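Structure first, then comments.
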Amino acid sequence: MEKSSELKSIFLPFLSTSHIIPLVDMAKLFALHGIDVTIITTTQNATIFQKFIDLDVSCGRLIRTHVVKFPAAKVGLPGGLKPSTWTLLAK
């Protein structure tokens, strides 16, 4: 049976590693204090921190990752790019 919490929080990080890591740390602190946390991110960015989230889940914390596929083709970008390269393409 899954635990439940009255408080729920959703984190939506800016798609840059320098923003993702501190946000995930903050989300983990929320979960440590019993808040039900969901982090919404892309498949590529989830690989940066998913093992740490899995570790917290195995400790019984209410934290999860909701992965969405980045629609690169719809915005004219080739698939598989990391967010750090997007600004290089714009120049």
Side-chain angles (χ1 to χ4, degrees):
M1 179 181 268
E2 187 177 312
K3 296 180 188 178
S4 65
S5 173
E6 288 185 25
L7 293 176
K8 299 184 185 322
S9 181
I10 297 174
F11 288 82
L12 183 61
F14 181 73
L15 302 177
S16 168
T17 307
S18 63
H19 290 252
I20 292 171
I21 295 169
L23 185 130
V24 169
D25 287 342
M26 187 170 27
K28 290 174 59 168
L29 284 172
F30 275 50
L32 180 65
H33 291 284
I35 297 172
D36 188 349
V37 174
T38 302
I39 302 169
I40 300 173
T41 191
T42 61
T43 306
Q44 182 78 26
N45 288 330
T47 61
I48 297 169
F49 61 84
Q50 188 60 52
K51 64 183 174 184
F52 301 109
I53 300 302
D54 293 341
L55 181 61
D56 280 359
V57 169
S58 70
C59 293
R61 297 195 181 107
L62 297 170
I63 188 167
R64 73 195 57 74
T65 305
H66 179 79
V67 177
V68 293
K69 185 176 178 183
F70 182 77
K74 288 183 180 179
V75 295
L77 295 172
L81 290 178
K82 295 181 180 180
S84 59
T85 60
W86 297 345
T87 55
L88 297 175
L89 292 173
K91 293 181 181 179

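It should be emphasised that the depicted structure is a prediction, and the values quoted were computed from it without experimental measurement. All heavy atoms count here, side chains included; hydrogens, waters and symmetry mates do not.
Put simply, CZ on Phe11 and OG1 on Thr38 are 10.0 Å apart, with the number rounded to the nearest 0.5 Å. Rounding to the nearest 0.5 Å places CD1 of Ile48 at 7.5 Å from OG1 of Thr42. If you take CZ on Phe49 and CG on Asp54, they are separated by 10.0 Å, rounding to the nearest 0.5 Å. Atoms CG and OG, on Leu23 and Ser18 in that order, are 11.5 Å from each other to the nearest 0.5 Å. Atoms NE2 and CG, on His19 and Asn45 in that order, are 11.5 Å from each other to the nearest 0.5 Å.
With a 4.5 Å cut-off on side-chain heavy atoms, Arg61 and Leu32 count as touching. Inter-residue side-chain proximity for Leu7 and Phe30 is flagged as unmet; no heavy-atom pair is nearer than 4.5 Å. The shortest side-chain heavy-atom distance between Val24 and Pro13 does not fall under the 4.5 Å cut-off. Side-chain contact between Val57 and Ile63 is present, with heavy atoms from C-beta onward closer than 4.5 Å. Looking only at side-chain heavy atoms (C-beta outward), Asp36 and Arg64 come within less than 4.5 Å of each other.
Between Leu62 and Gly34, the closest heavy-atom pair is CD1-O, 4.3 Å.
By the rule that hydrophobic residues join a cluster once side-chain heavy atoms approach within less than 4.5 Å of another member, Ile21 and Ile53 end up as members of one cluster. Two different hydrophobic clusters hold Ile10 and Ile35 under the rule that ILVMFWY side chains link at heavy-atom gaps under 4.5 Å.
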